[in-house]
Participant: 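Below you'll find the structure I mean.
Computation of the quantities below employed the complete heavy-atom set of this structure, encompassing side-chain atoms and omitting hydrogens, waters and symmetry-equivalent molecules.
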Amino acid sequence: MRITTRVTNGKWKEYTLSNDSGISMNVLNYGGIITKIMVPDQKGNIENVVLGYRDYRDYESNPHYFGAIIGRVAGRIQGASFKVENRTYPLAANNGKNHLHGGPNGFHQVIWDTVPFQTQDAIGLKLTYKSVNGEAGYPGNLEMIITYTLNNKNQLSLDYAATCDQTTPLTLTNHSYFNLSGNLKNTIQDHHVTIASSRFAELNEDLIPTGKLVDVNETPFDFRNSGLVLGTGFNSTFMQNRIVGNGYDHYFIFDNKLAEAMATLEDPSSGRVMSVKTDQPGMVMYTSNAMDTEWTLREGPSRKYLGICFETQASPASLHHQGFPSVIVKSGEKYEKQTVFSFKLKH
């Protein structure tokens, strides 16, 4: 195992964490952005399995939030405002009339303090940042520690810890786009997904939850048991697929927190399998339906369906509707969440 550091874009630090099994990941102190994850396939080829820009200056705009830490609130806040303790807080409307991913100056665009570390069987990076009262419109001074850890079991753990001196909405996630074909050889159309979820949040045409939770049974959202190939939803006439640009951009509520994995992603061509385990109540699965071709990625031009995000989190819909996992963290309350991405090969 080893950790190396280099300066990139003339001002940021990029850390490379490598384990003993051929897996490595690159992380910027800017936005906590994961720029690359290298994973062997069933033939031993070590290739990149996440989306990242060729020109690191593109991370400064990063409209697709590649690899970044998202907050204070991941997802869309309806009407760009919320009410907490009888006070209404207006936010920047950076997605139509709504507030998306912490606003135009969210955590994806700040410099995090970073400290690398190594233990007997793991290496990692500890990222800290203080979001002051009123930053991006949110109340309270928020202190965060986010820890990325890579071990020799080929597990990448993302641990989120935070406290705030005022009650505030908070749900953090990482916005990495995965493509297990390796070096973006194919789209994710043939990737196979399972999700331990019986309900997802219905969206309106502005991609805002209507407040209704839909049963996945007999829909292209039923990823339980044997799961589905993603192309099923891309080619579906089901309105919830069509409304987001023929794909998925929906919040799934997990059925069982004791499940071995809340979600799995498998690419039949490479044999790579990734599982997702988390103590978050659900996740947004986004299949890059809105990705255009104007960006140059490390391996070539960007395009639709090139990656899939598993945004493990609570739901900002809870700020306006009943029945959704809450994003409210009380003053002084400890926010502690973990998501683990595990990589293996199909037997």
Side-chain angles (χ1 to χ4, degrees), residues 1-20 22-40 45-71 101-118 122-131 144-151 156-160 172-180 182-185 288 291-303 306-307 309 311 341 343:
M1 294 184 294
R2 69 181 192 278
I3 305 171
T4 58
T5 310
R6 73 180 184 111
V7 175
T8 187
N9 197 30
K11 54 189 173 181
W12 303 332
K13 289 181 181 177
E14 184 176 37
Y15 297 84
T16 302
L17 313 178
S18 307
N19 73 4
D20 295 335
I23 290 183
S24 65
M25 65 178 293
N26 290 29
V27 183
L28 292 175
N29 63 343
Y30 178 76
I33 292 170
I34 297 172
T35 61
K36 188 165 59 171
I37 299 178
M38 303 293 287
V39 179
N45 301 309
I46 298 176
E47 297 169 311
N48 182 30
V49 297
V50 293
L51 275 59
Y53 298 108
R54 181 178 299 172
D55 186 342
Y56 276 40
R57 289 173 295 185
D58 289 338
Y59 284 113
E60 295 192 67
S61 53
N62 199 7
H64 299 294
Y65 303 90
F66 287 160
I69 295 169
I70 304 296
H101 290 336
N105 303 112
F107 298 158
H108 63 292
Q109 289 187 317
V110 303
I111 300 287
W112 291 72
D113 290 329
T114 46
V115 178
F117 64 89
Q118 185 164 348
I123 48 175
L125 194 64
K126 185 171 286 188
L127 303 99
T128 57
Y129 179 70
K130 181 176 181 178
S131 174
M144 291 173 288
I145 302 174
I146 297 178
T147 309
Y148 293 170
T149 308
L150 176 65
N151 65 23
L156 168 58
S157 301
L158 280 60
D159 289 272
Y160 305 86
L172 305 170
T173 197
N174 178 274
H175 210 283
S176 289
Y177 291 71
F178 295 95
N179 182 325
L180 300 185
N183 294 345
L184 307 187
K185 286 194 293 294
S288 53
M291 192 175 294
D292 50 38
T293 57
E294 67 175 277
W295 299 94
T296 302
L297 307 187
R298 189 184 303 274
E299 296 86 0
S302 59
R303 63 189 191 277
L306 205 52
C309 298
E311 302 164 55
F341 297 100
F343 297 94

Participant: Tell me, with the steps shown, if Ile146 and Trp112 meet side chain to side chain contact (heavy atoms under 4.5 Å, CB included).
Facilitator: CA-CA 10 Å; Ile146 297 178; Trp112 291 72; 3.6 Å; yes

Participant: Tell me, do Trp12 and Ile111 make a side-chain contact under 4.5 Å, heavy atoms counted?
Facilitator: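 SC-SC contact between Trp12 and Ile111 confirmed.
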
Participant: Taking the side chain as every heavy atom from C-beta outward, state whether Asp55 and Thr296 have any pair of such atoms under 4.5 Å apart.
Facilitator: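 No, every pair of side-chain atoms sits at 4.5 Å or beyond.
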
Participant: Between Gln118 (side chain only) and Arg2 (backbone N and O only), is there a donor and an acceptor less than 3.5 Å apart?
Facilitator: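 Such a contact is absent between Gln118 side chain and Arg2 backbone.
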
Participant: Closest heavy-atom contact between Met144 and Ser131?
Facilitator: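 Taking Met144 first and Ser131 second, the nearest heavy atoms are CE-CB, 4.5 Å.
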
Participant: So, do Phe117 and Ile123 sit near enough that their side-chain heavy atoms are less than 4.5 Å apart?
Facilitator: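 The answer is no; the side chains never approach within 4.5 Å.
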
Participant: Rounded at 0.5 Å granularity, tell me how far OG1 in Thr16 sits from NZ in Lys36.
Facilitator: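 It comes to 6.5 Å.
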
Participant: Can you name the closest pair of heavy atoms from Ala122 and Thr149 and give their distance?
Facilitator: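 It is CB-CG2, 3.7 Å.
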
Participant: Going by distance alone, is a donor N or O of one side chain under 3.5 Å from an acceptor N or O of the other, for Asn174 and Ser176?
Facilitator: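 A pair is found: one side chain offers a donor N or O, the other an acceptor, under 3.5 Å apart.
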
Participant: Any donor and acceptor pair, going by atom type alone, linking the side chain of Asp20 with main-chain N or O of Met1 inside 3.5 Å?
Facilitator: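 The answer is yes, because a donor-acceptor pair under 3.5 Å joins these two groups.
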
Participant: Can you check side-chain hydrogen bond (donor to acceptor under 3.5 Å, both in side chains) on Ser288 and Tyr177, steps first, answer last?
Facilitator: CA-CA 8 Å; Ser288 53; Tyr177 291 71; over 6 Å; no

Participant: Report the residues that fulfil salt bridge (charged side-chain N to carboxylate O under 4.0 Å, His left out) with Asp113, sequence neighbours left out, ordered by chain and then residue number.
Facilitator: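 Counting only residues at least two positions away or on another chain, Asp113 forms no salt bridge (charged side-chain N to carboxylate O under 4.0 Å, His left out).
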
Participant: Applying the side-chain contact (heavy atoms from CB on, under 4.5 Å) test to Ile23, which of Ile46, Leu17, Val39, Asn151 qualifies?
Facilitator: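 Testing each of Ile46, Leu17, Val39, Asn151 against Ile23, the sole residue satisfying side-chain contact (heavy atoms from CB on, under 4.5 Å) is Val39.
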
Participant: Under the 3.5 angstrom rule, does the side chain of Arg298 hit a backbone N or O of Leu184 as a donor-acceptor pair?
Facilitator: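 Judged by distance alone, no pair lies under 3.5 Å.
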
Participant: Taking Tyr30 for its side chain and Lys11 for its backbone only, find out whether a donor-acceptor pair lies under 3.5 Å.
Facilitator: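 No.
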
Participant: Between Asn48 and Met38 (side chain of the first, backbone of the second, donor and acceptor by atom type, cut-off under 3.5 Å), is there such a pair?
Facilitator: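 Here the side-chain-to-backbone pair does not exist.
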
Participant: What distance do His64 atom NE2 and Leu297 atom CG have between them, rounded to the nearest 0.5 Å?
Facilitator: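 Nearest 0.5 Å value for the NE2-CG distance: 8.5 Å.
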
Participant: Is the backbone of Lys13 close enough, under 3.5 Å, to the side chain of Asn29 for a donor and an acceptor to pair up by distance?
Facilitator: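 A pair under 3.5 Å: yes.
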
Participant: Side chains of Ile33 and His108: does their closest heavy-atom pair fall under 4.5 Å?
Facilitator: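 A side-chain contact is absent here, since even the closest heavy-atom pair is not under 4.5 Å.
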
Participant: So, does Asn183 use its side chain to make a donor-acceptor pair with the main chain of Lys185 at under 3.5 Å?
Facilitator: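 Checked: no pair found.
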
Participant: Please round to the nearest 0.5 Å and tell me the distance separating atom CG of Leu158 and atom CD1 of Ile34.
Facilitator: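 Here the interatomic distance stands at 5.5 Å.
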
Participant: Atom OH of Tyr160 and atom CD1 of Ile145: how far apart are they, to the nearest 0.5 Å?
Facilitator: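 Reported to 0.5 Å precision, the distance equals 14.5 Å.
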
Participant: Locate the shortest heavy-atom distance separating Pro40 from Gly22; write the atom from each residue and the value.
Facilitator: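 Nearest heavy atoms, Pro40 then Gly22: CD-O, 4.0 Å.
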
Participant: Pick one: which of Tyr53, Trp295, Tyr59 meets ring-ring contact (aromatic ring centres under 6.0 Å, His included) with Phe66?
Facilitator: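 For Phe66, the ring-ring contact (aromatic ring centres under 6.0 Å, His included) check succeeds only for Tyr53.
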
Participant: Test Tyr148 against Tyr15 for side chain to side chain contact (heavy atoms under 4.5 Å, CB included), laying out the working first.
Facilitator: CA-CA 11 Å; Tyr148 293 170; Tyr15 297 84; over 6 Å; no

Participant: Would you give the length of the straight line joining atom CZ of Phe178 to atom CD1 of Ile37, rounded to the nearest 0.5 angstrom?
Facilitator: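 Answer rounded to 0.5 Å: 5.0 Å.
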
Participant: Locate the shortest heavy-atom distance separating Leu306 from Asn179; write the atom from each residue and the value.
Facilitator: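 Shortest heavy-atom contact: O-ND2, 2.8 Å.
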
Participant: Using the six-membered ring of Tyr56, assess whether NZ or CZ of Arg6 lies under 6.0 Å from its centre and within 45 degrees of the ring axis.
Facilitator: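 Here Arg6 passes the 6.0 Å and 45° test against Tyr56.
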
Participant: Identify the two heavy atoms, one from Ser302 and one from Met291, that lie closest to each other, and give their separation to 0.1 Å.
Facilitator: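 Looks like CB-SD, 3.9 Å.
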
Participant: Can you confirm whether His175 sits close enough to Glu311 that some side-chain heavy atom of one is under 4.5 Å from a side-chain heavy atom of the other?
Facilitator: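 Counting from C-beta outward, His175 and Glu311 do come under 4.5 Å.
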
Participant: Nearest 0.5 Å, please: how far is OG1 in Thr114 from CG in Leu125?
Facilitator: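 With rounding to 0.5 Å, CG (Leu125) is 5.5 Å from OG1 (Thr114).
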
Participant: Shortest non-hydrogen contact from Gly32 to Leu127?
Facilitator: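 Taking every non-hydrogen atom into account, CA-CD2, 3.7 Å.
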
Participant: Does the pair Phe107 and Ile70 meet the rule for a side chain to side chain contact (heavy atoms under 4.5 Å, CB included), with working shown?
Facilitator: CA-CA 6 Å; Phe107 298 158; Ile70 304 296; over 6 Å; no

